[in-house]
Structures are given as C-alpha cells and as structure tokens.
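Accompanying notes for the structure given below.
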2 protein chains.
Amino acid sequence: MGLTKSEIYTEEQNRLANIAKAFGHPARVAILQHLFKVNACVCGDLVNEIGLSQATISQHLKELKNLGLLKGNIEGTSICYCIDIENWQNVSTYLQVFLNQKPTNLGECC
Amino acid sequence: MGLTKSEIYTEEQNRLANIAKAFGHPARVAILQHLFKVNACVCGDLVNEIGLSQATISQHLKELKNLGLLKGNIEGTSICYCIDIENWQNVSTYLQVFLNQKPTNLGECC
DNA sequence: TGTATTCATCGTAATATTGCAATTAATAAA
DNA sequence: TTTATTAATTGCAATATTACGATGAATACA
C-alpha cells in the first residue's frame, strides 16, 4: 500500500532508517559536501552550485534541518547555512554503531 | 517531477545516496539486524520475525542483494541468507568516510 | 508421479518523494 | 513608500517506493 508500517518496528530501527533516508538523495549529499567545504553558504549559492531550482533546494534544506544537521544565521535577506557539527557527530555516530556491528557467531552456511 | 536528476551529480554523490537509501527503511534495518544476530536465516524466518508478507520481505531482500550486502546458499527448497561481511565492510567504510568528514575551515557565521 | 514447501516475480493500489512554477513573507535599498 | 532580493511555502504533476495477493518456479518428500 506504499505506507510504511512504522509501528511494527523498534524506535532504533525507525530512527536509523530516518537518518539514512536523509543521506539517501544525491542532492542532499551534494548540499552537505558543499557546506563541509565552504562551511557557510546561503541558499542562493547552493542553487547555483547544484543544478536545481531554489524551491527544490529549499525543500532539501528543510529535511536536513529537521534532522538537526544544519543551522542557519539570518543575514539581511539571506540565510547563511552551516553544518551543526555537534549534532552531525551525534547522528553520524548513531549510524556508525549500526554500520560497525559484527556477526555474533560465524556463519555456518555461507 | 518526481524524477531524480542523477546526471547532474558526481559518481560519488550518487553512490553515497544509493548506499544510504538501502538503510533508509526500517524493514531493511530490521532484516540486517536479525541477520547479524543469527547470521544464517531463511526468508520464512524473517517473515515471522518481522510483521510483513513474504512478498514484501522478498522485495527488501532483493534491494539488499543488489547492493551486495547479502549472499545466499540454496538449502533444499529454502535459501539461507547471510551478511556478505567483506562487501558490508566495503560499503560501510565508503559511507563512513563521508560521515567522518570535517569542515575545512571554521564557520564564520554560525 | 503427485503434493507440499519455499522463495521469486507480476500486477495492483496506495502513499511518498521529487521537482518546479507561482506565490508569499521578510528585509534591504532606493 | 516603492522596488529588489532572498528564502519559504503552496499547489501541481510525475516518478518512486511500499505492500500485498496471486501466481510461478524449484525442490523435498511421499
């Protein structure tokens, strides 16, 4: 039905999936990479840097902000975006614990 | 238009996004967690373990296989799935390089 | 040879996501 | 005040994803 049944999963499973989903689009990867490089960037610069419309960039920024990965300072009519390093590390670590898990016992069949 | 414009992104950006997308659904997180725990598991067990139909589980397994995260051995009428540890580590490391990047210069505004 | 079991695939329906044009809101500058 | 600039929001269209029932393919067992 296209509707993810979030209620049958654990908190951790839903949180991991939500975090991963934020990185699951090349536009958001590109935005994050650019912000890491310049570490201070207004929305308009991102529109020029990446080949998408201002409206679309704004939507992707919103998703990244919802996860707490970005923070922004208002500078006149523009907003300067940066990576929220502290939160980035929290989110990043949470995902990396999952990525670094090992099998509890060696496989007997494969 | 609902169509991701992959051609405007770098190889790396597309690859990172594809990897992240595989982890971007709680059912796939749950499947991977279970496989890590028991390290050998047929599809039917996953259907019981997770509350989804056999058809849906099979679809999710396909996506994980496409990324090379799983390998399977045929055992009679059933298939035994395991984590492909070597490939898991390749994929995992690729994503973690991205997650562990640092800003090149300190932000001046945020 | 059936029959049962197990997983894959197909068809479908519904929700989610992506992308953009148009509009709105807010501030700066004239 | 008016105009310009910048970003957010809204509304729409199209593609993508999720989920399941039905069906198909392959093997084990009788």
Side-chain angles (χ1 to χ4, degrees), chain A residues 1-9 13-14 17-18 20-31 35 40-67 70-82 109-110, chain B residues 1-9 13-14 17-31 34-35 40-67 70-82 109-110:
Chain A
M1 276 177 272
L3 174 56
T4 298
K5 305 202 277 185
S6 305
E7 70 279 5
I8 68 172
Y9 306 107
Q13 286 160 355
N14 282 316
N18 279 333
K21 206 164 5 179
F23 300 119
H25 194 281
R28 292 192 286 273
V29 171
I31 288 172
L35 287 179
C41 192
V42 296
C43 179
D45 291 349
L46 288 167
V47 173
N48 294 329
E49 186 72 21
I50 303 162
L52 294 173
S53 75
Q54 181 267 320
T56 305
I57 294 288
S58 187
Q59 293 253 48
H60 286 303
L61 286 172
K62 188 169 151 189
E63 290 184 55
L64 294 173
K65 271 187 288 181
N66 284 344
L67 210 67
L70 303 184
K71 52 184 177 178
N73 265 11
I74 295 169
E75 293 191 343
T77 69
S78 61
I79 297 182
C80 172
Y81 288 104
C82 308
C109 65
C110 307
Chain B
M1 275 179 274
L3 175 56
T4 299
K5 305 204 277 185
S6 305
E7 70 279 4
I8 68 171
Y9 306 107
Q13 286 160 355
N14 282 316
N18 279 333
I19 291 172
K21 205 165 5 178
F23 301 119
H25 194 281
R28 292 193 287 273
V29 171
I31 287 171
H34 188 67
L35 287 179
C41 190
V42 294
C43 179
D45 292 350
L46 289 167
V47 173
N48 295 328
E49 187 73 18
I50 302 160
L52 294 174
S53 76
Q54 181 266 322
T56 305
I57 296 287
S58 186
Q59 293 253 50
H60 286 304
L61 287 172
K62 188 169 152 190
E63 291 184 56
L64 294 172
K65 271 189 288 181
N66 284 344
L67 209 67
L70 303 184
K71 53 183 176 179
N73 269 9
I74 294 171
E75 293 191 343
T77 71
S78 63
I79 294 182
C80 171
Y81 285 108
C82 309
C109 66
C110 308

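Letters A, B, ... are given to chains in the order of the sequence lines, protein chains preceding strands, and every chain is numbered from 1. Computed over heavy atoms, backbone and side chain alike; hydrogens, waters and symmetry mates excluded.
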Next on the checklist: When you measure from the side-chain N and O atoms of A/K21 to the phosphate of C/dT17, is any distance below 4.0 Å, counting only OP1 and OP2?
Outcome noted: yes
Checklist entry - Does the side chain of A/K5 get closer than 4.0 angstrom to OP1 or OP2 of D/dC20 through an N or O atom? => result yes
Checklist entry - In whole Å, what is the span from the CG atom of B/L46 to the P atom of D/dC20? => result 14 Å
Next on the checklist: So if I take the C1' atoms of five pairs at each end of the helix from C/dT1-D/dA30 to C/dA30-D/dT1 and get each local axis, what angle do the two axes make, rounded to 10 degrees?
Outcome noted: 10°
Checklist outcome for this item: Closest non-hydrogen contact found for B/L64 with B/A22 is CD2-O, 4.1 Å
Item to check | With B/K62 via side chain to side chain donor-acceptor pair (under 3.5 Å) - residues at least two apart | outcome: none
Checklist entry - For D/dC20, does either OP1 or OP2 sit under 4.0 Å from a side-chain N or O belonging to B/S53? => result yes
Next on the checklist: Among residues at least two apart in sequence or on other chains, which ones pass side-chain contact (heavy atoms from CB on, under 4.5 Å) with B/A27?
Outcome noted: A/Y9, B/H25, B/L52, B/H60
Checklist outcome for this item: Looking only at heavy atoms, the pair that brings A/G51 and B/I8 closest together is O-CD1, 3.8 Å
Checklist entry - For A/E49, which residues count as a side chain to side chain donor-acceptor pair (under 3.5 Å) partner, sequence neighbours excluded? => result none
Checklist entry - Is the distance from OP1 or OP2 of D/dA19 to the nearest side-chain N or O of B/H25 less than 4.0 Å? => result yes
Item to check | Whole-Å gap separating P (D/dA7) and CD1 (A/I31) | outcome: 12 Å
Item to check | Under the side-chain contact (heavy atoms from CB on, under 4.5 Å) test, residues paired with B/I79 that sit two or more places apart | outcome: B/I74, B/Y81
Item to check | Distance, rounded to the nearest Å, where A/I50 contributes CD1 and C/dT18 contributes P | outcome: 14 Å
Item to check | Euclidean distance, atom CZ of residue B/F23 to atom P of D/dT17 [Å, nearest integer] | outcome: 16 Å
Next on the checklist: Please report the distance, rounded to the nearest Å, between CG in A/L64 and P in C/dT17.
Outcome noted: 14 Å
Checklist entry - Does OP1 or OP2 of D/dT17 have a side-chain N or O of B/H60 closer than 4.0 Å? => result no
Item to check | salt bridge (Lys or Arg N to Asp or Glu O under 4.0 Å) partners of B/E63, counting only residues at least two apart | outcome: B/R28
Checklist entry - Among all residues two or more places apart in sequence or in another chain, which pass the side chain to side chain donor-acceptor pair (under 3.5 Å) test with B/Q59? => result none
Checklist outcome for this item: Picking from D/dA16, C/dC7, C/dT18, the nucleotide nearest the side-chain atoms of B/L3 would be D/dA16
Checklist entry - Separation of B/E75 atom CD from D/dA28 atom P, in whole Å? => result 11 Å
So which protein nitrogen or oxygen atoms get under 3.5 Å of nucleotides 8-12 of chain D's nitrogens or oxygens?
{"unit_1": "D/dA8", "atom_1": "OP1", "unit_2": "A/K65", "atom_2": "NZ", "d": "3.2"}
{"unit_1": "D/dA8", "atom_1": "OP1", "unit_2": "A/Y81", "atom_2": "OH", "d": "2.3"}
{"unit_1": "D/dA8", "atom_1": "OP2", "unit_2": "A/S58", "atom_2": "OG", "d": "2.9"}
{"unit_1": "D/dA8", "atom_1": "N7", "unit_2": "A/Q54", "atom_2": "NE2", "d": "2.7"}
{"unit_1": "D/dA8", "atom_1": "N6", "unit_2": "A/Q54", "atom_2": "OE1", "d": "2.9"}

Checklist entry - Could you give the CG-to-P distance, from A/N14 to C/dA16, as a whole number of Å? => result 14 Å
Checklist entry - More 5' along DNA chain C: A/T4 or A/L52, using each one's nearest nucleotide? => result A/T4
Checklist entry - In whole angstrom, what separates B/N18's CG from D/dA16's P? => result 13 Å
Checklist entry - Minimum heavy-atom separation for A/S6 to A/N14, with atom names? => result O-ND2, 3.0 Å
Item to check | Partners meeting side chain to side chain donor-acceptor pair (under 3.5 Å) with A/S53 (sequence neighbours left out) | outcome: A/T56
